[in-house]
Amino acid sequence: MSNVYDVLAERGYIEQATHEEELRELLEKEKVSFYIGFDPTADSLHVGHFIQVMVMMHMQKAGHRPIAIIGGGTAMVGDPSGKTDMRKMLTKEQIEQNARSFKEQFSRFIEFGEDKALMINNADWLLELNYVDFLREIGRHFSVNRMLTAECFKTRLEKGLSFLEFNYMLMQSYDFLELYRRYNCKLQMGGSDQWSNILGGVELIRRVEGASAYGLTFKLLTTSEGKKMGKTESGAIWLDAEKTSPYEFYQYWRNIDDKDVEKCLALLTFLPMEEVRKLGSLEGAEINKAKETLAFEVTKLVHGEKEAVNAQQAAKALFSSGSEGGSIPFTEMARSQFTTGIDILTLLQEAGLTSSKSEGRRLVQQGGIYLDENRVEDFNLIITERDFEDGKLMIRKGKKVYHQIRLI
RNA sequence: GGAGGGGUUCCCGAGUUGGCCAAAGGGGGCAGACUGUAAAUCUGCUGGCUAUGCCUUCACAGGUUCGAAUCCUGUCCCCUCCA
């Protein structure tokens with residue numbers, strides 16, 4: 001069980017790999033530098049990236065060296081894989097800013113240092129490429145016929161694919177070559193949508209350097225229905241506490257589908273596999289224990305133990321007795337606003353629970369709003385200081401969304 | 001550059017003999033019931049508001065008309081075929 005490859009396989013990360021056996025041996029024998037690319041298209045990593053971060057952690061633990069590549073150069077082109085539309089192009093400044101946020105977040109999970117792990121922006125070499133040289137050196141190794149048969153371009157061939165995007169594969173392949181030359185990086189990993197791009201790099205290194213390089217892809221984190229996980233109606237689940245509070249983060253995992261629990265425990269926590277299997281095999285209401293463990297462990301990894309405990313306590317308190325907990329989302333409002341009273345619809349909006357008064361009105365009419373566990377019957381209700389206890393008022397929307405108003 | 005087709009509410013997508021269109025249907029989402037903070041199922045809702053009425057929406061800007069998503073003119077954008 002000491003081989004990381006086996007660990008990764010057992011936990012269910014691996015989708016496919018080039019030369020499985022060779023790669024396994026390589027990981028057994030030597031310290032391998034490997035890379036995973038990240039597109040800096042947002043200012044924070046989200047849950048979808050986290051699985052890749054987990055892999056880097058596993059690999060680093062096993063003594064290998066992760067190289068996180070920030071696609072500063074490639075982001076300026078946009079990866080067409082799996083997309084139906086052309087991506088928005090980002091400005092250089094945005095990309096740089098995002099790259100900084102990424103690095104900060106990576107440091108929470110991976111130890112950086114010359115020998116430990118690196119983070120590199122591929123803009124370093126991509127931006128100064130000379131077009132003609134690139135074509136002569138790299139372009140000649142790619143067959144358009146072959147590329148067109150690649151899965152990642154198929155959907156785009158129907159809808160239209162610009163030449164700019166068509167080049168993405170070459171750029172990513174070139175990244176791998178460059179990393180091989182500079183850091184002796186022999187392995188590229190990525191989501192399964194990256195398979196063709198990774199293969200491109202592996203082949204390029206073989207042709208240009210005559211050396212062996214390897215590729216490995218992970219399963220994309222999807223729900224049992226095949227949807228991408230980590231997306232909610234209100235957007236992605238971010239690793240940044242500012243964008244997704246630890247409480248919400250915890251709740252996301254707590255509310256996960258029964259069928260996804262075991263998979264997530266294996267992929268997103270470091271719990272031993274025996275325990276993962278044990279938890280995953282719980283039946284009926286019992287499986288809630290597994291969900292609690294999952295939520296706690298993942299929150300702990302991402303936000304630290306303290307936040308995880310807070311989130312867990314808040315959740316338990318709310319869902320078992322309805323009393324308040326420590327870290328539920330809240331809004332602070334001036335006491336003076338409540339001397340004359342404020343109507344419920346406005347209050348809901350202030351708390352961010354509804355986006356319009358009409359929406360609030362509907363919610364109340366349908367019986368979806370509660371104040372301290374009492375259903376609100378009338379949408380003309382006026383809230384005053386007297387409704388508060390200890391300067392706090394708990395509003396609940398639906399079954400699970402809690403929000404507290406605090407007087408200041 | 002030439003020929004043709006099209007841009008509708010969160011998304012897909014009806015609607016173009018002008019009024020009955022805040023706009024069918026589906027998806028998604030939200031809420032209710034049932035439950036285990038799960039899934040499935042059933043029900044309701046899904047532009048805004050100082051709300052039985054009023055206001056703003058059908059690419060954009062004008063025009064015709066008592067009245068336009070629907071007709072006319074111009075502009076922008078997208079797609080397909082030809083070069």
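Just so you know, these numbers use all the heavy atoms, side chains as well, and skip hydrogens, waters and symmetry mates. Quick note on labels: first sequence line is chain A, next is B, and so on, each numbered from 1.
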Presence of A:Arg362 side-chain N/O under 4.0 Å of B:G48 phosphate oxygens OP1/OP2: yes
Phosphate contact (B:C30 OP1 or OP2) by A:Lys400 side-chain N/O below 4.0 Å: no
Geometric class of the A:His49/A:His46 ring pair [parallel <30°, tilted 30-60°, perpendicular >60°]: tilted
Pair A:Asp258 + A:Lys291, salt bridge at N-O below 4.0 Å: yes
B:G44 - base-pair partner by Watson-Crick or wobble geometry, distances under 3.5 Å: B:C30
Those residues of residues 288-302 of chain A lying under 4.0 Å from RNA chain B by at least one heavy atom: A:Asn288, A:Lys291
Gap in Å between the two P atoms, one belonging to B:A14 and one to B:G7, rounded: 9 Å
Lys/Arg N to Asp/Glu carboxylate O, A:Lys300 vs A:Glu307, below 4.0 Å: no
Residue pairs fulfilling ring-ring contact (aromatic ring centres under 6.0 Å, His included) with at least one residue in residues 337-381 of chain A, sequence neighbours excluded: A:Phe338-A:Phe388
Sugar-phosphate, base or nothing in reach of A:Ile287, heavy atoms under 4.0 Å: base
Nucleotide B:G29, atom C1' - distance to CG of A:Asn255 in whole Å: 16 Å
Sugar-phosphate, base or nothing in reach of A:Arg396, heavy atoms under 4.0 Å: nothing
Salt-bridge contact A:Asp43-A:Lys243 (side-chain N to carboxylate O under 4.0 Å): yes
Distance-only donor-acceptor test, A:Gln366 side-chain atoms vs B:G32 base atoms, 3.5 Å: no
Plane angle bin for A:Phe50 and A:Phe109 - parallel if under 30°, tilted between 30 and 60°, otherwise perpendicular: perpendicular
